[in-house]
Each structure stands twice: as structure tokens, then as C-alpha cells.
Amino acid sequence: MTSAGASPQQLAPPQPLLRRLRSQRSRRRGTLTTTGCVLLALVLQGHRWIPNTPGHLGSLIETLLPWTALALPVLLTTALLRRSPVAAWACVLPIAIWLAAFGPMLTDKASPGGDLTVVSHNVNQNNPDPRGTARSLIASKADVLALEELSPDTAPAYERALASSYPYHFYDGTVGLWSTYPLRDARAVPIMPWTRAMRATVDTPKGPLAVYVVHLASVRVRPDGFTTLARNDSLDRLVAHLHGEKVQRVIVMGDFNGALDDRALRPLTTRMTSAQSTAGKGFGLTWPSSFPVVRIDQILLKGVKATSAWNLPPTTSDHIPVAARIHLGREKNTAVRQQGAARRSGL
């Protein structure tokens, strides 16, 4: 009921008050979306400062960091539906940071050339078809082939299937190396109580190449966190052995049970380059093969350069094989000797 003599227009709130109320509601509409954008930007930009305790949370976030892209269209769509200019502009920040961090990975960085092809594959100890897997790997025409997760039952099957294509090989425990070039100084590398790493010198036409085949300890995501202690310990032992490597050109390949963004792998990744990162296209995800969500199979290089890198077609393993074309160049000592000889001859 209205008071006598008062019109509805006289009882309505003043127009300036209505505009202020609408403005406040508009700002509140985008608050949650804006907060989400800012938090995502902080994770993308500052993930190195996320503490690794409890539960190795920092390592877990870094392992899955590329998948933060899934949140970007959700946040942007929400901002547009809420008609919040502030939230829409806030979305630009995480989008820009993600593109700066991962955009270069999406481009094709391959170049022609290369001296030999290397392939690494975790063949899965429970692989139901080792012969079929071996045939797929032979079809890659790799010059050097690294296998991980061999077992006493499957290793002889791979040995027989690969013999005609790879006359030189060495395996110990769960890891092995097959090559079209002669191998020497092949031995197990003790990174765990049982053999999960080895090294050998490959005598290529352009000189020696040290190749390490590794399978770091497994990790698990459990209610108490990301269990990485055993993997990190095996990595530390591997790095210690690499420090003593005398050959100048080195390839380390295998199943690292970790993404290269994981801070725990920095003792290795700060000294070596990734074939996929420098010469591949895309993230090259490898596990699980049915729906890959992370690249844990790596080819890392020192003293050599990748000209291209790619994933091979899936086999009956739960990992996807990885490959790279490698340019060996010349050894530094060889170049120095040649320069010295040229000076002595007056050239």
C-alpha cells in the first residue's frame, strides 16, 4: 500500500543509487573468476616457489603444468558469460604466461640433416607381444636402440628378434642397448640395488659417443602425496656417474619417471638439453600410451645436437617410444688437433 498522494515514481530509489548498485553487482559477478585467473597466473609464473613439502606438491604441480591450459578457456568463457570486463582482462595474464612458457613447444623445430637416429622405449615387462614390439622398433631404422623394463622372460625374445638388424648389443638387468655400430666399455651403472642403468661407448663413423640407458625408480601419487624419494636418489647417483664421464659426446635416454619441468630433474636438465624441446614439435607425451598425459621418456644430449625429434607409433607397451635424429659434429679435441696441424703446416 502506498501513502496518500505518493506516486510509484516518487517511491522508487533514485537513479544514481540504482547505477551504483548495478555497478557493485557487476564487480562482484567477476570476483571469483578474477581471483581464479590471478591464482593460475601465480602458479604458472611462480611454481618454483611452491614448497615441495608436504607430499612433494611442487614436483607434482610441475609435472602436470602444461595441463593448466585446460583452465584457460573455462575462465575466459565464465568471464564473458558473467559480462565482467575486469575478469576478462584478468584472463589475459595467465594466457600470456602460459603461451610464453609453452608456446615454443608447439612449433616444429626440426631441421634437415643428422648423422644417426636413436630410439628409446620402455617395452613393459608384461608386454604381451615382444616380437611385435621388436618389429615396430626395427621399422624405425634406428642406428642405436635403448630398451627399458626388460625381464628374464622377455630379454631373450628381444635379443633374437633384433639380432639380424643390430649386430652389437649389451643388456644387464632391466636395461639394454642395441646398435648398428660397435660397442665397447659397456657396463652396468649402479643407481639402484638392481640394475636399471647402463652405459656403453658407441664407435660411430664420426668418433665415440657415450650412451646411457636409464630407468629411474618409479613414482606414485598417493593420499600422502607424490612419492619421489627413490627416484630422486637414483637420479643423484646417475648424475654422479655422469660427472666422471670421459667421452665428450653423451646421450642419456630412457624412462625418467618424471617430466623435465619437475624441479627434481634439474641436476640433469641444467647440464643437458632435451631433444624434444630443441628439435621436436609439441609436448611429445608418452605415458600412458592409451591416453598420454605426461612425457616421462626422454632423450637428453650433451656435446651433440638434435636435428629432429618425434614419437614413434604405439606398441603393445604402456609407453610410447621416442626417437631423435642426432648431429654429432666434431669432437673438440679432434678440432683442436686439426687446427694445430694446420698452423704447423703454415695453412
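Only heavy atoms go into these numbers, but all of them, side chains included; no hydrogens, no water, no symmetry mates.
- Nearest heavy-atom pair, Gly30 versus Ser84, reported as atom, atom and distance to 0.1 Å: CA-OG, 3.4 Å.
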Worked verdict on Asp262 versus Ser59 for side-chain hydrogen bond (donor to acceptor under 3.5 Å, both in side chains): CA-CA 5 Å; Asp262 187 341; Ser59 285; 2.8 Å; yes
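- A side-chain donor-acceptor contact under 3.5 Å links Glu245 to the backbone of Val247.
- In summary, of the residues considered (Asp108, Leu106, Thr107), a side-chain contact (heavy atoms from CB on, under 4.5 Å) with Lys281 occurs for Asp108 alone.
- Residues Tyr171 and Leu177 are not in side-chain contact: their nearest non-hydrogen atoms beyond the backbone lie 4.5 Å or more apart.
- Annotation: side chain of Phe283 is not in contact with side chain of Asn311 (no heavy-atom distance under 4.5 Å).
- Between Asp203 and Tyr181, the closest side-chain pair of non-hydrogen atoms is not below 4.5 Å.
- Judged purely by atom type and a 3.5 angstrom limit, His56 has no side-chain atom pairing as donor or acceptor with the backbone of Thr227.
- Between the side chains of Thr31 and Thr34, no donor-acceptor pair is found at a separation under 3.5 Å.
- No more than 12 heavy-atom neighbours from other residues, nucleotides or ligands sit within 6.0 angstrom of CZ on Arg220.
- Side-chain atoms of Ser277 never come within 3.5 Å of backbone atoms of Ser274 as a donor-acceptor pair (strictly under, hydrogens ignored).
- With Leu235 as reference, Leu268 is the one residue of Thr228, Asn257, Val214, Leu268 to meet the side-chain contact (heavy atoms from CB on, under 4.5 Å) rule.
- When only modelled atom types and interatomic distance are considered, Thr133 and Asn127 share a side-chain donor-acceptor pair under 3.5 Å.
- For Trp287, the CH2 atom is loosely surrounded, since the number of other residues' heavy atoms within 6.0 Å does not exceed 12.
- In this structure, Val119 and Ala142 approach most closely via the heavy-atom pair CG2-CB, 3.5 Å.
- Using a distance-only test at 3.5 Å, with no hydrogens or angles considered, no donor-acceptor pair links the side chain of Ser179 to the main chain of Pro182.
- Other residues, nucleotides and ligands place no more than 12 heavy atoms under 6.0 Å from the NZ atom of Lys302.
- The closest side-chain heavy-atom distance from Leu312 to Val322 is not below 4.5 Å.
- Two residues are said to be in side-chain contact when any heavy atoms from C-beta on lie closer than 4.5 Å; Leu183 and Thr201 fail this criterion.
- Counting heavy atoms from C-beta outward, Thr180 and Tyr168 have side chains that stay 4.5 Å or more apart.
- Each of His121, His319, Gln276, His215 was evaluated against Asp297; a single residue qualifies, His319, per the side-chain hydrogen bond (donor to acceptor under 3.5 Å, both in side chains) test.
- A donor-acceptor pair under 3.5 Å is absent between the side-chain atoms of Thr77 and the main chain of Val74, judged by distance alone.
- Residue-environment remark: CZ (Arg184) exceeds the threshold of 12 foreign heavy atoms within 6.0 Å.
- Annotation: side chain of Tyr212 is not in contact with side chain of Ile251 (no heavy-atom distance under 4.5 Å).
- A side-chain donor-acceptor contact under 3.5 Å links Asp129 to the backbone of Gly132.
- Heavy atoms only, all atoms of each residue included: Thr195 and Thr174 are closest at O-OG1, 3.1 Å.
- In this structure, the separation between CG on Asp115 and CZ on Arg325 is 7.0 Å, given to the nearest 0.5 Å.
- Of all non-hydrogen atoms in Asp185 and Arg199, the two that sit nearest each other are O-NH1, 3.1 Å.
- With salt bridges taken as basic N to acidic carboxylate O contacts below 4.0 Å, none links Arg196 and Glu148.
- Remark: of the listed residues Asn126, Asn124, Thr154, Asn124 is the sole one forming a side-chain contact (heavy atoms from CB on, under 4.5 Å) with Glu149.
- In this structure, the side chains of Leu147 and Leu162 come closer than 4.5 Å at one or more pairs of heavy atoms.
- Formation of a donor-acceptor pair under 3.5 Å by the Trp178 side chain with backbone atoms of Val144 is not found in this model.
- Between the side chain of Lys109 and the main chain of Pro104, a donor-acceptor pair closer than 3.5 Å is present.
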